[in-house]
Amino acid sequence: QVQLVESGGGLVRTGNSLRLSCVASGGTFSDNAMAWFRQAPGKEREFVASISWSGEAKYYADSVNGRFTISRDNAKNTMYLQMNNLRPEDTAVYYCASDWLGAPGSDPYEYDYWGQGTQVTVSS
């Protein structure tokens, strides 16, 4: 059983930055592709970014490409999302997810385990 715990959310102004963390426990972290998704009120959960088990392959949604950076430290069982130049439309609950022995895709149904989420609010 894999447990994922996100942290690092908060309230920031437009243009500012935040770094989210996702700490995994249980299982072998390096066996998992990982991803960040987000869900705004009244909207469906959407893909933000994903990363392969090695960290070599990274993928981003068009809406965040060039502003957000996904990374991982397998020695620390931790994944990160560096979010720069934040916009009000980035406001959402951000979730991390893991896919055991999977590829770093964008479909939430590919992922086995989810964290509880961390709120990010960007004011204009």
Side-chain angles (χ1 to χ4, degrees):
Q1 185 83 8
V2 175
Q3 293 184 325
L4 304 173
V5 179
E6 304 96 335
S7 63
L11 172 63
V12 297
R13 289 181 175 251
T14 297
N16 284 4
S17 300
L18 281 174
R19 188 175 83 154
L20 305 184
S21 298
C22 172
V23 178
S25 60
T28 302
F29 182 67
S30 59
D31 284 347
N32 293 268
M34 300 292 295
W36 290 97
F37 291 80
R38 66 187 182 186
Q39 188 166 18
K43 296 187 177 181
E44 293 187 352
R45 191 167 297 190
E46 66 171 354
F47 170 75
V48 176
S50 61
I51 187 168
S52 63
W53 67 270
S54 66
E56 291 186 359
K58 302 176 183 181
Y59 303 93
Y60 298 93
D62 289 343
S63 59
V64 307
N65 196 23
R67 300 188 296 123
F68 291 10
T69 302
I70 191 171
S71 62
R72 66 189 295 164
D73 185 339
N74 287 343
K76 295 182 178 180
N77 289 353
T78 302
M79 176 180 64
Y80 305 98
L81 185 69
Q82 177 66 43
M83 304 186 295
N84 297 330
N85 191 21
L86 283 160
R87 304 166 179 169
E89 55 264 38
D90 295 318
T91 295
V93 177
Y94 283 70
Y95 299 90
C96 68
S98 66
D99 180 8
W100 184 61
L101 298 182
S106 61
D107 185 345
Y109 291 100
E110 298 175 3
Y111 292 85
D112 309 303
Y113 295 99
W114 293 80
Q116 83 290 347
T118 186
Q119 176 71 48
V120 172
T121 303
V122 184
S123 64
S124 58

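Values below: every heavy atom of this structure, side chains too, minus hydrogens, waters and symmetry copies. Note that the structure is predicted; figures quoted are calculated from it, not measured. Sequence positions, counted from 1, serve as the residue numbers for this chain.
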Checklist entry - Shortest non-hydrogen contact from Leu81 to Ala49? => result CD1-CB, 4.4 Å
Checklist entry - Can you tell me how far CE of Met34 sits from NZ of Lys58, rounded to the nearest 0.5 angstrom? => result 14.0 Å
Checklist entry - Which atoms form the tightest heavy-atom contact between Gln119 and Ala92, and what is the distance? => result NE2-O, 3.4 Å
Next on the checklist: Nearest 0.5 Å, please: how far is CD in Gln39 from CD in Glu44?
Outcome noted: 8.0 Å
Checklist entry - Does one hydrophobic cluster hold both Ile51 and Tyr80, with members joined at side-chain heavy-atom distances below 4.5 Å? => result no
Item to check | Residue pair Tyr95, Leu20: steps toward the side chain to side chain contact (heavy atoms under 4.5 Å, CB included) verdict | outcome: CA-CA 10 Å; Tyr95 299 90; Leu20 305 184; over 6 Å; no
Checklist entry - Under a single-linkage definition using a 4.5 Å side-chain heavy-atom cutoff for Ile, Leu, Val, Met, Phe, Trp and Tyr, are Val120 and Phe47 assigned to the same hydrophobic cluster? => result no
Checklist entry - Is there a donor-acceptor pair closer than 3.5 Å between any side-chain N or O of Tyr60 and the backbone N or O of Ile70? => result yes
Checklist entry - Is there side-chain contact between Val64 and Arg38, with at least one heavy-atom pair below 4.5 Å? => result yes
Next on the checklist: Give me the atom names and distance for the closest heavy-atom approach of Ala33 to Tyr111.
Outcome noted: O-CE2, 4.1 Å
Checklist entry - Hey, would you say the Trp114 and Phe37 ring centroids sit under 6.0 Å apart? => result yes
Checklist entry - Are Tyr113 and Met79 co-members of a hydrophobic cluster defined by side-chain heavy atoms under 4.5 Å apart? => result yes
Next on the checklist: Closer than 3.5 angstrom, by distance alone: can the side chain of Thr78 be matched with the main-chain N or O of Val23 as a donor-acceptor pair?
Outcome noted: no
Checklist entry - Is there a path of hydrophobic side-chain contacts, each under 4.5 Å between heavy atoms of I, L, V, M, F, W or Y residues, that connects Met83 with Val122? => result yes
Next on the checklist: Counting only heavy atoms not in Glu89 (residues, nucleotides, ligands), do more than 12 fall under 6.0 Å from its CD?
Outcome noted: yes
Next on the checklist: For residues 65-78, which residue pairs pass the salt bridge (charged side-chain N to carboxylate O under 4.0 Å, His left out) check, not counting sequence neighbours?
Outcome noted: Arg67-Asp90
Next on the checklist: Please report the interatomic distance OH(Tyr94) to CD(Glu6), rounded to the nearest 0.5 Å.
Outcome noted: 12.5 Å
Checklist entry - Taking atom CZ of Arg13 and atom OG of Ser124, what is their separation to the nearest 0.5 Å? => result 9.0 Å
Checklist entry - Does one hydrophobic cluster hold both Val12 and Val48, with members joined at side-chain heavy-atom distances below 4.5 Å? => result yes
Item to check | Which atom of Asn74 lies closest to which atom of Ser30, heavy atoms considered | outcome: ND2-CB, 3.6 Å
Item to check | Residue pair Leu4 / Ser98: nearest heavy atoms and the distance that separates them | outcome: CD1-N, 3.8 Å
Next on the checklist: Between Asp99 and Asn32 (side chain of the first, backbone of the second, donor and acceptor by atom type, cut-off under 3.5 Å), is there such a pair?
Outcome noted: no
Item to check | Which atom of Thr14 lies closest to which atom of Pro88, heavy atoms considered | outcome: OG1-CD, 3.4 Å
Checklist entry - Asp112 and Val2: side chain to side chain contact (heavy atoms under 4.5 Å, CB included), yes or no, with the steps? => result CA-CA 9 Å; Asp112 309 303; Val2 175; over 6 Å; no
